[in-house]
**Q** 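Following this message is one structure expressed as structure tokens.
This one's a predicted model, so the numbers in the text were calculated from it and none came from an experiment.
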Amino acid sequence: MPYVDGFVLAVPRERLEDYKVLARTASMVWKEYGALSYVECVGDDVPYGDLTSFPRAVLATSDEVVVFAWITYESRTARDEILKQVMADPRMQVDPEALPFDGKRMIYGGFECVVSG
């Protein structure tokens, strides 16, 4: 079964185009090193829930959009190797202060697939 990295973050609407540039670069780099797929989606129907929701999870404000994304790999072993290479790639060396989102509010993790198809 494939292995998946997933993440959710909030991007200021005024920085969304900057974020898309970063996302396109990241997609290219991850796939060059062997990721099976790389998908980033901007929230379109993401209500602010009373108790839980994507916007609440990342403390999104009214001037931010939620981004939901995932990367798939052949296995956890492949993911670990690919991630090392991606993080060492000069194209991914970005000053955290220059990022078009607040990395401290990003939620991320690795997941074993139990159903895929």
**Q** Can a donor-acceptor pair be found between the side chains of Tyr19 and Glu17 at a distance below 3.5 Å?
**A** no
**Q** For Ile71 and Val4, what are the C-alpha separation, side-chain angles and deciding distance, and is it a side chain to side chain contact (heavy atoms under 4.5 Å, CB included)?
**A** CA-CA 6 Å; Ile71 308 161; Val4 177; over 6 Å; no
**Q** With the side chain counted from C-beta on, respond yes when Asp5 and Tyr73 share a heavy-atom pair under 4.5 Å apart, and no when they do not.
**A** yes
**Q** Would you say that Val67 contacts Val8 through its side chain, given a criterion of any heavy-atom pair below 4.5 Å between the two side chains?
**A** no
**Q** May I ask you to decide if Met1's main-chain N or O and Ser116's side chain share a donor-acceptor pair within less than 3.5 Å?
**A** no
**Q** Closer than 3.5 angstrom, by distance alone: can the side chain of Arg56 be matched with the main-chain N or O of Gly49 as a donor-acceptor pair?
**A** yes
**Q** Do other residues, nucleotides or ligands put more than 12 heavy atoms under 6.0 Å from Glu74 CD?
**A** no
**Q** ring-ring contact (aromatic ring centres under 6.0 Å, His included) between Phe68 and Phe54: does it pass, once the steps are laid out?
**A** CA-CA 9 Å; Phe68 173 65; Phe54 282 109; 5.5 Å; yes
**Q** Are the side chains of Ile82 and Trp30 in contact, using a 4.5 Å heavy-atom criterion?
**A** yes
**Q** Starting at CZ of Arg91, measure out to OG1 of Thr25 and round the result to the nearest 0.5 Å.
**A** 8.0 Å
**Q** Between the side chains of Arg15 and Glu64, is the shortest nitrogen-to-carboxylate-oxygen separation below 4.0 Å, so that they form an ion pair?
**A** no
**Q** Find out if a path of hydrophobic residues (ILVMFWY) with successive side-chain heavy-atom gaps under 4.5 Å connects Val65 to Val58.
**A** no
**Q** When clusters are formed by joining ILVMFWY residues with side-chain heavy atoms under 4.5 Å apart, either directly or through shared neighbours, do Phe101 and Phe7 land in the same one?
**A** yes
**Q** Do Val39 and Cys41 pass the side chain to side chain contact (heavy atoms under 4.5 Å, CB included) test, and can you show the C-alpha distance, the side-chain angles, and the key distance before you say yes or no?
**A** CA-CA 7 Å; Val39 179; Cys41 309; 3.7 Å; yes
**Q** Once rounded to the nearest 0.5 Å, what's the spacing between atom OH of Tyr3 and atom CZ of Arg76?
**A** 4.0 Å
**Q** Any link between Val21 and Met92 through a network of hydrophobic side chains (Ile, Leu, Val, Met, Phe, Trp, Tyr) touching at under 4.5 Å?
**A** no
**Q** Evaluate whether atom CD of Glu112 has more than 12 neighbouring non-hydrogen atoms of other residues, nucleotides or ligands under 6.0 angstrom away.
**A** no
**Q** Do you reckon Tyr38 sits in the same ILVMFWY cluster as Val11, going by side-chain contacts under 4.5 Å, direct or chained?
**A** yes
**Q** Closest approach of Arg13 and Ser62, non-hydrogen atoms and distance?
**A** NE-O, 3.6 Å
**Q** Determine, stepwise, if the pair Lys84 / Asp80 fulfils salt bridge (Lys or Arg N to Asp or Glu O under 4.0 Å).
**A** CA-CA 6 Å; Lys84 282 184 214 170; Asp80 291 347; over 6 Å; no
**Q** Please report the interatomic distance CG(Asp89) to CD(Glu32), rounded to the nearest 0.5 Å.
**A** 7.0 Å
**Q** Could you tell me whether Tyr48 atom OH has more than 12 heavy atoms of other residues or ligands within 6.0 Å of it?
**A** yes
**Q** Which atom names give the shortest non-hydrogen contact between Ala10 and Arg105, and what distance separates them?
**A** CB-NH1, 4.0 Å
**Q** About how many Å separate CG of Leu22 and OG of Ser27, when rounded to the nearest 0.5 Å?
**A** 11.0 Å
**Q** Nearest 0.5 Å, please: how far is CD1 in Ile107 from CG in Leu9?
**A** 9.5 Å
**Q** Hey, quick one: are Trp70 and Met28 part of the same hydrophobic cluster, counting side-chain heavy atoms closer than 4.5 Å, chains of contacts allowed?
**A** no
**Q** Counting neighbours of CG on Asp63 that are heavy atoms of other residues, nucleotides or ligands and sit closer than 6.0 Å, is the number greater than 12?
**A** yes
